[in-house]
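Only heavy atoms go into these numbers, but all of them, side chains included; no hydrogens, no water, no symmetry mates.
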Amino acid sequence: MLSEYNFQNWAIETDTKGNCWLILDRKNTSANTMGKEVLEEFALILTEVQKNPPKGLAITSGKKSGFIAGADITEFLHLATAEEATATVSKAQAIYNALASLPFPTVAVINGFCLGGGLELALACKYRVALDTPKTKIGLPEIMLGVQPGWGGSIRLPRLIGSLKALPLILAGKAVDARTAYKLGIVDASVPERHLKTAAEFYLAGSAPVKHCGILEKLIQVPFIRPLLAQVFNAQLRKKVNPKHYPAPYAVVDTWMKNSIFNPDAFAAEAKSIGNLMVTPTARNLVGIFFLRDRLKSFAKNTRFEPEHVHVVGAGVMGGDIAAWCALNGFNVTVQDQSLPAIAATLKRAKQLFEKRLKLPYLVQAARDRLMPDTTGLGIAKADIIIEAIIENVAAKQELFAMLEEHAHPDAILATNTSTIPLATIGQVLKNPGRVVGIHFFNPVSLMQLVEIVSDPHTDQTAVAKAMSFMGKIDKLPLPVRSSPGFLVNRILIPYLIESATIYQEGVPGAVIDRAATDFGMLMGPIELMDTIGLDVCVYAGRGMGTPIPEFVDTWVKEGKLGKKSGSGFYTYRKGKVIKPKVNVANIPDDIADRIILRMVNEAQACLREGIVTDADLVDAGLVFGAGFAPFRGGPLKYARAQQAANIKERLEQLESRYGDRFTPDPGWGSV
């Protein structure tokens, strides 16, 4: 009997209809994950319900944060061999297979996120009902960790909705909301909270048909058809993903191609595939990035700060988008600018953002109502946090902050979004310069997760802690950095961009330089990146750091060639899409990748030595999340460790002898 067990992570209730309600509430955690102890207890429960079957079994969460976030990734770190990893995965598969084989109705009651091993558990149930809220995210994101679904997800999802719909979701690691999941057939119902239990009870009655894929899937699973479709999937993947960098999506396709989803042996093939992937350098590094993300999130949890009103000064692209993002995340926001056209443009972009993210008209309207134009600064006095996002001009910023100090609430956070100006310079006109903290967003605000939280020895540490807390409330990753020209990300990025422009000036086509970078693993090449950032911004940032970009770029800026936003720069753009000239990239000079990447790596080591951040992991986090450094390599310093510091130093010395002292190895290499 279940009542005889003292489960640590599961609660069990029986209703008047004879249904068993199984509630997962993993101890000592804010979110449910499927760790070893949770799975072992779950296996015992399944054994007992097989002996004493209830009318139906509902699995739900005792956490307000959501259903199940997936497997407990920390338990995978000790796995040393592919065989050990495969055996571990197979044990969990067997438990989920036992759930799938239960002879009575089983319902997953999804209240919020349902990811990875959480969705695989839900797929092993006969029915799934989901809470219709923007916070509900349903998907199999294992690809993002360099592996593939391993607890039956790559088999059961195609069985449910068909391979043509399932594989694109798996290969992209994409999570969808409840309504989309319903339209795709992943869940049987998407309902508001007041109907969630009623919907679960309906499916526990067992009168609704259990959904399966249609006749088309049986045709697709014909042995000679799968290889043809696999070629199509692989061709689509090659447009986006280098198999040398990210083997997991190709492994998914290969396993699917070789094993019919209706063949019981497919589960063993899935387990073997993920076992092989789990011990690859790519997976190790991507898991490391996952934990770096968690570490950045933890900075937002150290202080309780409950702001209600945000005031943004400056309705340019950056300021306007910061304001819109804060409103999207539930804050009342005033955005101040004397330019009505700038405010109008902000409101227009905000509406597009809200419609894309929120979808439901009443939620969109509520977000629009929270974003209020302010031409005179009426929002300053009632704001809990004020973010300055005006032009990068010292005098203008000093004048603004002097006014803010006079009119803002004494406890309000005074923040600057400057990308290059030291806090001490801005604060020297203030009575209390320690109030100023840097909150440096990256463009585009809606896509870039990292925000640098900048301080110097005089900054009020309470303000810093509150700024980091605020980042957690707007779903950003705070990175604490010391105030210094360029801070961390721009300090490291600018030499990379300057070297790329120098190589371009030497006559190497931009597309060749970009190809060298993307072949290394960068998410975007440096030439296209400069165009995307804006050549005017690059010129200004280089000057501000005392490392000017080659003069021809400055000339282009004076001629109005600003990059993507003006339609031309290194490349031309049509309707926002880059038009790259066709060039021969088959024979990329050997030293291009070293020249651009090692400029970045060397500067990263300098930042570590100077204490811009506290440790190497934070350098890596900043460059991966803030500059698109190749995630599968783990970050610039993780890459350097993999190559060995002595080898990095030797290669820098070779480049120094050929190209000059900008490649002089940083003294820190001697201590790595």
Side-chain angles (χ1 to χ4, degrees), residues 143-144 146 237-249 281-282 285-286 288-289 292-293 442-444 447-450 486 488-504 508-535 537-538 541 549 563-564 569-571 578 580 583 585-586 588-605 607 619-643 648 651-652 655 663:
I143 288 291
M144 310 304 290
L237 283 172
R238 280 191 292 271
K239 295 177 182 178
K240 301 177 181 179
V241 181
N242 187 328
K244 294 180 181 179
H245 299 164
Y246 300 98
T282 290
N285 285 336
L286 291 177
I289 295 298
L292 285 182
R293 183 191 300 273
F442 294 87
N443 194 29
L447 298 179
M448 301 298 289
Q449 284 191 290
L450 189 81
L488 177 75
V489 174
N490 284 345
R491 161 84 179 270
I492 296 172
L493 190 62
I494 290 298
Y496 166 73
L497 300 180
I498 289 174
E499 192 64 30
S500 302
T502 301
I503 295 171
Y504 181 91
V508 179
V512 172
I513 301 168
D514 279 350
R515 179 63 178 270
T518 55
D519 281 353
F520 175 83
M522 301 300 287
L523 299 182
M524 177 184 287
I527 299 299
E528 186 177 353
L529 179 61
M530 281 188 280
D531 271 354
T532 302
I533 293 171
L535 300 186
V537 176
C538 294
I549 282 182
K564 184 177 180 179
F570 285 96
Y571 300 121
V578 63
K580 291 188 178 183
V583 295
V585 295
I588 298 175
D590 291 338
D591 67 354
I592 287 182
D594 277 355
R595 286 177 64 181
I596 59 178
I597 298 302
L598 291 186
R599 283 294 305 272
M600 182 184 292
V601 170
N602 200 37
E603 200 67 33
Q605 179 61 38
C607 286
V619 174
D620 287 339
L623 270 291
V624 169
F625 295 120
F629 190 90
F632 78 97
R633 296 189 185 274
L637 295 183
K638 184 73 178 289
Y639 166 72
R641 290 195 296 273
Q643 298 298 310
I648 295 290
R651 183 59 176 140
L652 283 167
L655 293 171
F663 287 101

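Across all non-hydrogen atoms, the minimal contact from Ile596 to Tyr496 is O-CD1, 3.3 Å. Of all the heavy atoms in Leu450 and Gly626, the pair that sits closest is CD2-CA, 3.8 Å. The two residues Leu488 and Gly622 have their closest heavy-atom pair at CD2-CA, 4.1 Å. Among all heavy-atom pairs drawn from Gly634 and Ile289, the shortest one is O-CD1, 3.7 Å. Scanning all heavy atoms of the two residues, the minimum distance from Met522 to Ala627 falls at CE-O, 4.4 Å. Annotation for Ala541 and Ile494: closest pair CB-CD1, 3.9 Å, computed over non-hydrogen atoms.
Of the residues listed (Ile498, Ile513, Leu493, Ile503), the one engaging Pro526 in a side-chain contact (heavy atoms from CB on, under 4.5 Å) is Ile513, and it is the only one.
Proximity of a side-chain donor or acceptor of Asp531 to a complementary backbone N or O of Lys564 within less than 3.5 Å is not detected. With Tyr571 contributing its side chain and Gly510 its backbone, the two residues share a donor-acceptor pair below 3.5 Å. At least one donor-acceptor pair closer than 3.5 Å links the side chain of Thr282 to the backbone N or O of His245. For the pair Arg633 (side chain) and Ala642 (backbone), a donor-acceptor distance under 3.5 Å is absent.
Interatomic distance, NZ of Lys580 versus CD of Glu528, reported as 4.0 Å (0.5 Å rounding). Rounding to the nearest 0.5 Å places CZ of Arg599 at 7.5 Å from OG1 of Thr502. The CD atom of Glu499 lies 10.5 Å from the CD1 atom of Ile592; values are rounded to the nearest 0.5 Å. Note that CG of Leu652 is 8.0 Å distant from CZ of Phe663, once rounded to the nearest 0.5 Å. Of the inter-residue distances, the one linking Ile549 atom CD1 with Met530 atom CE reads 6.0 Å to the nearest 0.5 angstrom. In this structure, CD1 in Ile597 is found 7.5 Å from OH in Tyr639, a value given to the nearest 0.5 Å.
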Open item on the list: Leu497 vs Ile533, test: side chain to side chain contact (heavy atoms under 4.5 Å, CB included). Steps then yes/no.
Closed with: CA-CA 11 Å; Leu497 300 180; Ile533 293 171; 4.2 Å; yes

- [ ] For Phe629 and Asp620, run side chain to side chain contact (heavy atoms under 4.5 Å, CB included): C-alpha distance rounded to whole Å, both residues' side-chain angles, the deciding distance at 0.1 Å, then the answer.
- [x] CA-CA 8 Å; Phe629 190 90; Asp620 287 339; over 6 Å; no

TODO: Before giving the answer on side chain to side chain contact (heavy atoms under 4.5 Å, CB included), spell out for Val619 and Glu603 the whole-Å C-alpha distance, their side-chain angles and the decisive distance to 0.1 Å.
DONE: CA-CA 10 Å; Val619 174; Glu603 200 67 33; over 6 Å; no

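Using a 4.5 Å cut-off on side-chain heavy atoms (C-beta onward), Val624 and Leu292 make no contact.
A donor and an acceptor atom, one from each side chain of Gln449 and Arg293, are located under 3.5 Å apart.
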